[in-house]
S.K.: 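Got a structure for you, questions after.
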Amino acid sequence: MKKIFIPFFIYVCFFLNNSPAEVISGKIDKYDSRYQNKIIDYSTQKPLEHAKISIPDLNYTTYTDKDGAFKLNVDINDKTVLFVEKDGYKVFSLTIDNNVLNNPLKLGIEKSSPFDLQLSTDVIHLGDNLFSSNSANSGDFKLYANGHTFTKTFSKPAFSQNQDVIVKIGTIIGLDTKKAREAKQNNIARVYSSPAEVFINGRRIASLELNGDNVEVIIPKNIIKQQNELRIETGKNLFQTQYTDYDDIELANIRIETKEKHHFAGR
Ligand SMILES: [Ca+2]
């Protein structure tokens, strides 16, 4: 009897906690059709068919149907990166966790601009593959680190006087900096790492201290050349003196964009 009742009890709690209005349901299925996610065009708000949805850490891919809807039939244990790709649109990435199974996503994606330079659509794991399970969102890290730096070259983008040129990082997870710990992005009690750093042509232009989506770094125009190099280096555990322990992080969806300056008003 126990074996029958325990799973039922768990599911009842699940519904009570997350969607009290929908407790009355004979169907015990956490991937119920009520949990439909949707992809729409950001400007027109129209649903987008056959957009590719993927979660690289979980090796999961699905597509939207004719109504722009999709389900996530996958177990999500910790924060991970979800990608949306559709021809003619900017690649979109988002940090998700298992809350998406109860709270459907409605994501508006933007048409791509001919001036965007997409440098990576993958999830890039930087570090040394040594990390604590208390790290910021490491639970679902499955991809192997290829060292502690990401380097990519790009040609000079076209931009006008009124535009800024930015490095846009769609998603960052796993940073275990002091600020990330203070923001309760990880569960590490004492130690922390130095921030990740962003360099253009060898000059440091930013430190990345917090995990999140849509991180934008302005590139000073005077350092932009015909051929440029973006380098991102992950930080180091500042409390490990016996050997170098690089902070294991994941970066997704990196591109160079131009943006009208007023977007940065107030910064
Ligand atoms: Ca490490």
Side-chain angles (χ1 to χ4, degrees), residues 54-60 74-83 91 93-100 118-153 167-217 229-255:
S54 60
I55 306 175
D57 269 320
L58 303 177
N59 206 13
Y60 181 79
V74 64
D75 284 324
I76 299 165
N77 302 311
D78 209 336
K79 287 184 184 165
T80 190
V81 184
L82 176 133
F83 275 102
V91 177
S93 68
L94 183 74
T95 309
I96 57 164
D97 59 25
N98 58 10
N99 284 316
V100 299
Q118 187 80 39
L119 301 186
S120 92
T121 52
D122 301 329
V123 175
I124 297 146
H125 180 168
L126 300 183
D128 48 24
N129 304 298
L130 297 169
F131 50 89
S132 149
S133 59
N134 290 327
S135 162
N137 326 326
S138 70
D140 276 331
F141 275 14
K142 300 285 191 308
L143 303 166
Y144 202 75
N146 275 319
H148 65 278
T149 61
F150 167 80
T151 307
K152 197 88 183 180
T153 55
V167 180
K168 185 145 181 177
I169 305 171
T171 301
I172 306 173
I173 60 180
L175 284 169
D176 287 327
T177 61
K178 190 164 187 257
K179 272 200 180 163
R181 193 185 62 162
E182 283 165 3
K184 303 203 185 320
Q185 293 186 333
N186 68 25
N187 296 312
I188 296 174
R190 286 181 299 278
V191 305
Y192 49 83
S193 296
S194 56
E197 294 181 321
V198 182
F199 299 84
I200 294 286
N201 300 328
R203 185 165 139 192
R204 189 180 67 186
I205 59 166
S207 297
L208 307 174
E209 303 196 72
L210 286 170
N211 299 287
D213 298 311
N214 293 316
V215 174
E216 296 182 347
V217 176
E229 184 196 73
L230 166 70
R231 189 170 88 243
I232 302 176
E233 289 185 9
T234 192
K236 295 170 192 168
N237 178 347
L238 296 171
F239 294 79
Q240 180 51 265
T241 51
Q242 308 297 309
Y243 59 94
T244 304
D245 173 18
Y246 288 106
D247 193 11
D248 282 78
I249 64 170
E250 286 189 351
L251 303 166
N253 192 17
I254 301 171
R255 62 175 173 264

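Ligands are counted one by one from 1 in listed order, and the atoms in each one are counted from 1 as well. The chain is numbered in sequence order, starting from 1.
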S.K.: Of all the N, O or S atoms in Asp128, which has the shortest distance to the Ca ion (ligand 1)?
M.R.: OD1

S.K.: Distance alone, cut at 3.5 Å: any donor-acceptor contact between the side chains of Asp176 and Gln185?
M.R.: no

S.K.: Is there side-chain contact between Ile254 and Ile232, with at least one heavy-atom pair below 4.5 Å?
M.R.: yes

S.K.: For the residue pair Ala183 and Leu210, what are the closest heavy atoms and their distance?
M.R.: CB-CD2, 3.9 Å

S.K.: Do Asp128 and His148 have a side chain donor and acceptor closer than 3.5 Å?
M.R.: no

S.K.: Taking N, O or S atoms only and a limit of 3.0 Å, check whether Asn237 reaches the Ca ion (ligand 1).
M.R.: no

S.K.: What I'd like to find out is whether the side chain of Leu126 reaches to under 4.5 Å of the side chain of Tyr246, using heavy atoms alone.
M.R.: no

S.K.: Check whether any N, O or S atom of Leu130, backbone or side chain, sits closer than 3.0 Å to the Ca ion (ligand 1).
M.R.: yes

S.K.: Which atom name does Asp248 have for its N/O/S atom nearest to the Ca ion (ligand 1)?
M.R.: OD1

S.K.: Restricting to N, O or S atoms of Asp245, which is nearest to the Ca ion (ligand 1)?
M.R.: OD1

